[in-house]
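These notes concern the structure reproduced below.
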Amino acid sequence: MLIKKIQLKNYRNYSDAEVVFNENSNVLYGENAQGKTNILESIYLCGTTRSHQGSKDKEIIKLNENEAHIKMFIEKNGLEHRIDMHLRKNNSKGIAINGVPIKRSTELVGLVNIIIFSPRDLNIINNGPSERRRFIDMELCQLDRIYIDNLTRYNKVLKQRNHLLKQVKYEESLKEMISVWDEQLVKYGIEVIKARDNFIKGVNPIAKDIHDRLTGGKEVLDVLYEPNVSIEEFENKIKSNTDRDIYYSMTHYGPHRDDMKFIVNDMDMRTYGSQGQKKSSALSLKLSEIEIVKNKTNDVPVLLLDDVLSELDRSRQTYLIDCFEGVQTIITCTGLEEFIKRNVSFDKVYKVVDGSVSEDI
Ligand SMILES: Nc1ncnc2c1ncn2[C@@H]1O[C@H](COP(=O)(O)OP(=O)(O)OP(=O)(O)O)[C@@H](O)[C@H]1O
Ligand SMILES: [Mg+2]
């Protein structure tokens, strides 16, 4: 797929903006706080219904305004599509595909495939398990409607169960109600665990292969799923820990506590990795997504890179730049000097200044 054009109205620091993209490489450059990331965020949001930064709609709407609009024009299998997204301060967002409103945001799944890569992703191994779960969920939610459904239901049941656990502390009689939630928690939780397990099993050989090339054969990477509880044990653990759960007013077992581990040459990178090794492993993981999306959807995803090149050393930069080949890429950076020095050219160059984007010719 290709992103042809995006139009923004009252989106963060943009009052009115339009950016037309080339089908190959595009760069948005400018000083800090001018609106580069905002453009990438708007593309990701319009394609997936979620901000990659986890921002709420009301934070995204331009200050002192009540609504924001994004219009994105894409091309897929030779056909043009338009996605309209309408963000409202006090209401849920409205989405239309080719002018036809959609009822559920999952209807967008499959139309747009985007991979966004920001410095936060390079720190996935330094950060806590929640960042690693976020990675899995962001990817799976783009690829699998059923996963979104199961995850949403799981999170809802978990919230309700935790709420009840708090109440039981003050009202013993409510204790027997917990088992009602347990049953559903286990049912949806098992589906979440299965999908995550499958996904990471697919990621591992691809990331391993990329890592082998990235490190010139020096490092062997394994990306492994570390479920908090196995499918077989889940129900038992939930049932046998009810009193502890009540005491702490929280659910101790379940995929909301899952993790992922990265093993390089038999060492767990979370504990023993050097900063460089952690970044390389994160890069291999992230780049494996391109292959995963290609394999799963028969479509080439669009790559959005938010200021990540400056975080990498020269050889990793070169590896990443080589991945742009045949993939529509939109990158942001603060300056072009490094690219000019290295003879890397872009098909479209945009300068971003204080909420306005202009073509650099
Ligand atoms: N809801 C909003 N309304 C108005 N302005 C906003 C809103 N949200 C963010 N901004 C402004 O957007 C600007 C940040 O934009 P963005 O994060 O895209 O910058 P950037 O060009 O990527 O900068 P950097 O190089 O530092 O990453 C800030 O000046 C911020 O105040
Ligand atoms: Mg930025």
Side-chain angles (χ1 to χ4, degrees), residues 52 54 115-144 147 150-151 154-155 158 189-234 236-238 241 250-293 295-296 308 311-312 316 319-320:
H52 71 292
I115 292 171
I116 189 156
F117 195 176
S118 62
R120 189 169 166 182
D121 296 298
L122 281 175
N123 277 316
I124 191 168
I125 303 177
N126 277 336
N127 295 340
S130 65
E131 278 291 303
R132 294 185 279 274
R133 287 193 297 273
R134 175 182 162 268
F135 164 82
I136 304 173
D137 291 342
M138 269 174 78
E139 296 324 310
L140 269 174
C141 284
Q142 271 202 74
L143 295 168
D144 187 349
Y147 181 77
N150 285 322
L151 182 68
Y154 178 81
N155 285 332
L158 178 67
I190 283 177
E191 295 307 317
V192 170
I193 299 169
K194 268 192 213 160
R196 287 180 176 175
D197 188 37
N198 249 329
F199 172 67
I200 297 175
K201 279 194 177 123
V203 165
N204 190 34
I206 300 170
K208 190 195 280 284
D209 193 46
I210 293 172
H211 201 74
D212 180 63
R213 278 180 272 140
L214 186 66
T215 62
K218 283 199 202 102
E219 293 185 358
V220 180
L221 170 71
D222 274 294
V223 181
L224 304 171
Y225 179 38
E226 203 172 59
N228 166 262
V229 64
S230 68
I231 289 174
E232 297 74 27
E233 284 181 321
F234 193 15
N236 255 339
K237 289 273 189 198
I238 283 288
N241 277 278
M250 63 189 272
T251 303
H252 285 83
Y253 287 96
H256 58 288
R257 296 191 140 193
D258 278 352
D259 202 351
M260 257 167 106
K261 63 178 167 186
F262 298 76
I263 306 292
V264 169
N265 299 346
D266 297 326
M267 301 258 224
D268 188 333
M269 287 296 105
R270 290 172 302 187
T271 319
Y272 299 106
S274 74
Q275 290 309 321
Q277 279 180 314
K278 288 182 195 171
K279 271 190 190 169
S280 300
S281 306
L283 184 59
S284 302
L285 173 75
K286 202 68 199 174
L287 291 176
S288 70
E289 280 179 59
I290 302 177
E291 281 309 303
I292 299 264
V293 174
N295 294 344
K296 272 225 164 191
V308 282
E311 301 271 325
L312 299 169
R316 291 194 197 95
Y319 192 93
L320 181 53

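These numbers were taken from a predicted model, which means no experiment stands behind them.
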Flag if over 12 foreign heavy atoms under 6.0 Å of CG, D266
no
Side chain to side chain contact (heavy atoms under 4.5 Å, CB included) between L287 and Y319: does it pass, once the steps are laid out?
CA-CA 10 Å; L287 291 176; Y319 192 93; 3.8 Å; yes
Would you say the side chain of I206 lies within less than 4.5 Å of the side chain of N295, judging by non-hydrogen atoms?
yes
Report yes if the side chains of D209 and E291 come closer than 4.5 Å at any heavy-atom pair, otherwise no.
no
Distance in Å, F117 CZ paired with I290 CD1, rounded so as to fall on 0.5 Å steps
9.0 Å
My understanding is that only residues two or more places apart in sequence, or in another chain, count here; which of them pass side chain to side chain contact (heavy atoms under 4.5 Å, CB included) with N123?
N126, N127
Salt bridge (Lys or Arg N to Asp or Glu O under 4.0 Å) against D212, all qualifying residues, sequence neighbours excluded:
none
Heavy-atom pair with the smallest gap, counting every atom of Y253 and I238
O-CD1, 3.6 Å
Could you tell me the separation between the OG atom of S118 and the NZ atom of K286, rounded to the nearest 0.5 Å?
7.0 Å
Quick one: pull up NZ in K237 and CG in N228 and give me the separation to the nearest 0.5 Å.
9.0 Å
Pairwise distance CZ(R134) to CE(M138) - rounded to 0.5 angstrom:
4.5 Å
Using a 3.5 Å distance criterion without hydrogens, assess whether the side chain of N265 forms a donor-acceptor pair with backbone atoms of E219.
no
Which atom of I193 lies closest to which atom of P227, heavy atoms considered
CG2-CB, 4.5 Å
Testing the basics here: between S281 and F262, what is the closest heavy-atom pair and its distance to 0.1 Å?
CB-CD2, 4.3 Å
Counting heavy atoms not belonging to M250, are there more than 12 under 6.0 Å from its CE?
yes
Value for CG (D197) from CD1 (I190), rounded to nearest 0.5 Å, stands at 12.5 Å
May I ask you to test the K208-P205 pair for a side-chain heavy-atom distance under 4.5 Å?
no
Identify the two heavy atoms, one from A282 and one from L122, that lie closest to each other, and give their separation to 0.1 Å.
CB-O, 3.7 Å
If the test is side-chain hydrogen bond (donor to acceptor under 3.5 Å, both in side chains), which one of D258, N204, N198 qualifies with Y225?
D258
Walk me through whether K296 and F199 qualify under side chain to side chain contact (heavy atoms under 4.5 Å, CB included).
CA-CA 11 Å; K296 272 225 164 191; F199 172 67; over 6 Å; no
May I ask you to test the L143-I292 pair for a side-chain heavy-atom distance under 4.5 Å?
yes
Ion pair present between R270 and E226, side-chain N to carboxylate O less than 4.0 angstrom?
yes
Going from NZ on K261 to OG1 on T271, what distance comes out if it is rounded to the nearest 0.5 angstrom?
10.0 Å
Check D137 with R196, please: is the shortest side-chain N to carboxylate O separation under 4.0 Å?
yes
Quick check against the 3.5 Å criterion: does H256 have a side-chain atom that pairs as donor or acceptor with the backbone of T251?
yes
Charged N to carboxylate O below 4.0 Å: is that the case for R132 and D259?
yes
Side chains of L285 and M260, heavy atoms from C-beta outward: is any pair under 4.5 Å?
yes
Considering all heavy atoms, the nearest G189-F234 contact:
CA-CE2, 3.8 Å
Applying side chain to side chain contact (heavy atoms under 4.5 Å, CB included) between Q275 and each of K279, K278, Q277, report the one that passes.
K278
If you take all heavy atoms of S288 and V203, which pair is closest and at what distance?
OG-CG1, 3.6 Å
